[in-house]
Protein chains: 2
Amino acid sequence: MPITIKDIARQAGVSVATVSYVVNKTRWVSPELTERVLKAIEQQGYSPNAVARSLRQNRTKTIGLIVPDSSNPFFAEIAKGVEDAGFEAGYSVILCNSNASLDRELVYLDLLQSKRVEGIIFIAATTQVNQIRPIVNSGIPVVIFYRDIPGLEVDTFRIDNFKAGYLATRHLIELGHRNIACIQPASPETASGERVEGYKRALDEAGLTWKDQLMPRGDNRVSGGKAAAQQLVDSGLPFSAIFSANDAMAIGAMRTLRDLGYEIPQNVSIVGVDDIILASYTEPPLTTVTQPKYEAGCQAIEFLIDRIEGRSTQGPRNVELEIQLTTRGTSIPYTATSELRRISK
Amino acid sequence: MPITIKDIARQAGVSVATVSYVVNKTRWVSPELTERVLKAIEQQGYSPNAVARSLRQNRTKTIGLIVPDSSNPFFAEIAKGVEDAGFEAGYSVILCNSNASLDRELVYLDLLQSKRVEGIIFIAATTQVNQIRPIVNSGIPVVIFYRDIPGLEVDTFRIDNFKAGYLATRHLIELGHRNIACIQPASPETASGERVEGYKRALDEAGLTWKDQLMPRGDNRVSGGKAAAQQLVDSGLPFSAIFSANDAMAIGAMRTLRDLGYEIPQNVSIVGVDDIILASYTEPPLTTVTQPKYEAGCQAIEFLIDRIEGRSTQGPRNVELEIQLTTRGTSIPYTATSELRRISK
DNA sequence: CTGTTAGCGCTTTCAA
DNA sequence: TTGAAAGCGCTAACAG
C-alpha cells in the first residue's frame with residue numbers, strides 16, 4: 001500500500017489536482033499550497049506512480065532495444081550509446097537479448113508492443129526481419145540496424161559491407177600481397193556476406209584471382225576463425241595475407257596460426273572488420289575496418305525520439321555509417337619472409 | 001488509437017470481462033465465445049495494454065538493473081545473466097548505466113521506483129550506497145553486488161576480495177618469486193582495496209616484505225595500469241612479478257612493460273583479478289582470479305524473484321561467489337632471467 | 001487561483 | 001456460464 005496522490009492531497013488539505021500540478025509544475029499554484037504539498041510529499045516519501053501516468057497520458061517514455069547478444073562487446077557499445085542518449089532525453093530502455101533466436105525476437109516484439117514502448121531499436125539476428133512488419137504498421141517508430149526491409153517505412157542504420165571488404169582487401173594489395181585468403185561467414189546471406197563480394201572485387205581490379213580453397217567459412221565467432229585458419233593451412237596453398245569478414249574470426253585465426261608456428265605479421269598479415277574492443281588488445285593489435293558503434297546507438301535513439309515526438313515526419317531515412325580502415329599491427333608489406341612456414345611446434 | 005479490449009468485446013459480441021478471461025485463460029469460457037473472441041483479436045491485431053494491466057494488478061513484471069557501465073565486459077556478462085534468467089521467468093529488465101556517477105544512480109533509483117519495478121539489482125559504483133535505503137525501506141526487493149550495507153535487509157552478492165588478492169599473490173610466491181610488486185586501485189576504499197590486503201598477508205606469511213615504491217596506484221582502467229607500470233620501472237627497484245588488483249590494469253601494465261622492452265612472462269610474471277573477457281585474449285593470455293559473472297547475474301534475479309513472489313521471506317542472504325585461480329600464460333616460475341631488463345627500444 | 005470529475009484499459013468481485 | 005461495474009492512480013478538461 002504505497003502512498004498515492006490522494007494521501008498527499010489529504011495531508012496538504014488540497015485537491016489531487018493541485019498535487020498533480022505542483023508535482024508536474026504544469027500550472028501555477030500559490031506558494032502556500034505548493035509548500036504544503038511539497039512538505040507532505042517529503043514527509044510521506046511519495047513517489048508518483050508512473051504506470052498510472054502512462055496509462056492516462058498514453059506515453060511510457062520507454063523504448064525497447066533488441067540485440068542478438070548484449071554481452072558481445074560490439075552490441076554492448078551500441079547499447080551503451082542508446083542508453084546514454086536515451087537517459088539524456090528522459091527515456092528508459094528495456095534491454096532484450098534475442099540470443100539470435102527468431103522465436104525470442106518474436107516474443108520480445110510482442111512484449112514490447114504490449115508494454116507500449118514508444119519506439120524500438122531492432123538489431124535483427126537474421127536477414128529474415130519481416131516479423132517487424134506488424135509493429136511498424138501499428139505505427140510505432142522503429143529503427144533497424146544492418147538490415148534492409150524493402151517496402152517498409154523504417155529508419156535504417158547500416159554500413160556499406162561491400163566497401164568494408166573492399167577497403168580491407170585493397171589495403172593488403174597495396175602492401176604488396178598477392179595471395180590473399182578470405183575467411184567467410186558461415187552463411188553468405190548474412191550481412192557480412194557482402195564483405196566477401198568487396199574482397200572479390202578488390203582482387204579482380206588488381207588482376208588477382210580468388211580460389212575457393214583459400215576461402216574457408218567460419219561461424220562468425222572466434223572458434224570459427226580458428227577452424228578456418230586450420231583449413232587454410234591444411235590446404236597447402238601459399239598465402240601471405242588474410243582478410244577476415246569480421247574481427248572475431250580474425251582473432252581466432254591469429255591464435256591458431258601462432259599455435260602452428262606462424263608469426264604475425266611477419267609470416268602472414270591479417271585484416272578484420274568491425275573494430276571490436278578486443279581488436280585493440282590483441283598482440284599485435286588488429287588492423288581492421290572501423291565503424292561507429294556508441295555514436296550509432298546515440299543517433300539511433302535520437303532518430304527514434306524525433307519520430308516519437310513528431311519532430312520528423314518525412315519518409316524513412318537510411319543512414320550509412322562511416323567506415324574507415326584502422327591500420328594497426330597485423331598488416332605489413334609483403335616481404336620474402338611473408339610466406340615462410342615455421343615448423344609446427 | 002490502438003485497439004482496446006472494448007473493440008474486441010464489441011466485435012465478438014461479448015463483455016469485456018469475457019475477453020479478459022479468454023486472453024488470460026483465467027476462467028472457463030465456452031468454446032463458441034472463445035473462438036469468437038480469438039477471431040476478433042486475430043483480425044484486429046489486438047495487443048493487450050500491459051500498462052493498464054500493471055496499474056490494475058499492481059504488478060509490472062519488470063525489474064531494474066543499475067550498473068556502472070554496461071559496455072564494460074565484466075558488467076555486460078552479469079547483465080546478460082540477469083536478462084536471460086529474467087526472460088525465463090517472464091520479467092523484463094530496464095537497463096540503467098550510472099556511469100559511475102552518484103547523481104545518476106540517484107536519478108535512476110527514483111525513476112525505477114516511480115516506474116514501479118518489482119525489484120532492483122544494484123551494482124553500485126562507490127561504497128557510498130546509503131542512497132538505497134529509502135528504496136529498501138519502501139519494501140521493494142533489492143540485490144546488491146559487491147557492497148556491504150550494514151543494518152540493511154538486502155540480499156548481497158560478493159566475492160572475498162581479500163582471498164582473491166591472497167590467492168593471486170600466493171600463486172606467484174609458489175612459483176618462486178620474491179620481489180612481487182602490486183598495482184593498487186586508486187582509492188583504498190573501493191572493494192578491490194581488500195585485494196591489496198590479501199596481497200600483503202600472503203607476503204607476510206612467506207616472510208616477504210612489501211615496499212610502498214612497489215605498490216603504485218592506478219585508476220582501475222587500462223590506462224591506469226600503464227601509468228603504474230611506468231612508475232614501477234622508474235622506481236629502479238627489482239621485481240620479477242606483479243599482482244594487479246584487477247585485469248584491466250594488468251593488461252595496461254603488460255602493454256607498457258612490453259613497450260619498454262620487457263618480455264612477459266620471461267622477464268616478469270603478472271596476475272590479475274576478475275577474468276574479464278580480454279584476459280583470455282591477451283598475448284600471452286592473462287593468469288587471473290576468476291569469479292562467476294553470468295551465473296551471478298542469473299542467481300541474483302532469481303533471488304529477487306523469490307522475494308517478489310514471496311517465496312523467500314527470511315532475512316537477508318549474503319552470497320559469497322566462488323573464486324578460483326585461473327592459470328594461463330603470464331605467470332611462470334622464477335628463473336635467472338626473470339629480472340632481466342631489456343634495453344628500451 | 002483551485003477544485004471536481006471523467007476516464008485511460010484493464011482485472012475481478014459480485015450478481016445473475 | 002457470463003456480464004455489470006467498481007476502481008487501480010493519475011491527468012486535464014471544465015467549472016467556479
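Donor-acceptor pairing under 3.5 Å is recorded for the side chains of A:Thr18 and A:Ser15.
Nucleotide C:dG9 holds its C1' atom 13 Å from the CZ atom of B:Arg10, rounded to whole Å. Distance, A:Glu32 CD to C:dC1 C1': 10 Å, rounded to whole Å. Separating the NZ atom of A:Lys6 from the P atom of C:dT4 is a distance of 13 Å, rounded to the nearest angstrom. Rounded to a whole Å, the CZ atom of A:Arg59 is 16 Å from the C1' atom of D:dC10. To the nearest angstrom, C1' of D:dT2 lies 16 Å from CG of B:Asn24. Protein atom CD1 of A:Ile3 is 13 Å distant from nucleotide atom C1' of D:dG9, rounded to whole Å. When the P atom of D:dC8 is taken as reference, atom CG of A:Asn49 falls 12 Å away, rounded to whole Å. Separating the CG atom of A:Leu55 from the P atom of D:dC10 is a distance of 12 Å, rounded to the nearest angstrom.
In this structure, B:Ser20 does not reach the C:dC10 phosphate: none of its side-chain N or O atoms is under 4.0 Å from OP1 or OP2. Phosphate contact (OP1/OP2 of D:dA12, side-chain N/O of A:Gln57, threshold under 4.0 Å): present. Between D:dC10 and A:Tyr46, a contact under 4.0 Å exists linking OP1 or OP2 to a side-chain N or O. Between D:dG9 and A:Thr4, no contact under 4.0 Å exists linking OP1 or OP2 to a side-chain N or O. Within the structure, every side-chain polar atom (N or O) of A:Ser15 is placed at least 4.0 Å from both OP1 and OP2 of C:dT2. Listed pair B:Ser54 / D:dC8 fails the phosphate criterion, with no side-chain N or O lying under 4.0 Å from OP1 or OP2.
Contact annotation: side chain of B:Arg27 to base of D:dT2, donor-acceptor pair present below 3.5 Å.
Across all strands, A:Val51 comes closer than 4.0 Å to no nucleic acid atom at all (heavy-atom distances). At a threshold of 4.0 angstrom between heavy atoms, the contacts of A:Val14 are confined to the sugar-phosphate backbone, with no base atom among them.
Between the side chain of A:Asn97 and the main chain of A:Ser70, a donor-acceptor pair closer than 3.5 Å is present. Within the 3.5 Å criterion, the main-chain N or O of A:Gly64 finds no donor-acceptor partner in the side chain of A:Lys115.
When distances are taken from the side chain of A:Ile5 to each of D:dC10, C:dG3, C:dC10, the shortest belongs to D:dC10. Taking every side-chain heavy atom of B:Ala17 into account, C:dT12 is the closest of C:dT12, C:dC10, C:dT2. Distances from the side chain of A:Arg53 to the nucleotides C:dT12, D:dC10, C:dG3 place D:dC10 closest. When distances are taken from the side chain of A:Trp28 to each of C:dT2, C:dT13, D:dG3, the shortest belongs to C:dT2. Of the listed nucleotides (D:dA12, C:dC10, C:dT2), D:dA12 has the atom at the smallest distance from the side chain of A:Tyr21. Listed candidates were D:dG3, C:dG3, D:dC10. Nearest to the side chain of A:Leu33 is C:dG3. The listed nucleotides are D:dT2, D:dG9, C:dT5; the one nearest the side chain of B:Thr18 is D:dT2.
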With side chain to side chain donor-acceptor pair (under 3.5 Å) as the criterion, how do A:Asp84 and B:Asn99 come out once you've worked through the C-alpha distance, each side chain's angles and the decisive distance to 0.1 Å? CA-CA 9 Å; A:Asp84 267 0; B:Asn99 291 355; 3.3 Å; yes
Donor-acceptor pairs are to be reported for all side-chain atoms of residues 88-95 of chain A against protein atoms at under 3.5 Å, with residues two or more places apart or in another chain.
{"unit_1": "A:Tyr91", "atom_1": "OH", "unit_2": "A:Arg59", "atom_2": "NH2", "d": "2.8"}
{"unit_1": "A:Tyr91", "atom_1": "OH", "unit_2": "A:Glu309", "atom_2": "OE2", "d": "2.8"}

What side-chain donor-acceptor pairs closer than 3.5 Å can you find for residues 135-146 of chain A, not counting sequence neighbours?
{"unit_1": "A:Asn137", "atom_1": "ND2", "unit_2": "A:Arg133", "atom_2": "O", "d": "3.3"}
{"unit_1": "A:Ser138", "atom_1": "OG", "unit_2": "A:Ile135", "atom_2": "O", "d": "2.7"}
{"unit_1": "A:Tyr146", "atom_1": "OH", "unit_2": "A:Gln291", "atom_2": "OE1", "d": "3.3"}

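Closest-nucleotide positions on DNA chain D for A:Thr26 and B:Val16 were compared, and the one nearer the 5' end corresponds to B:Val16.
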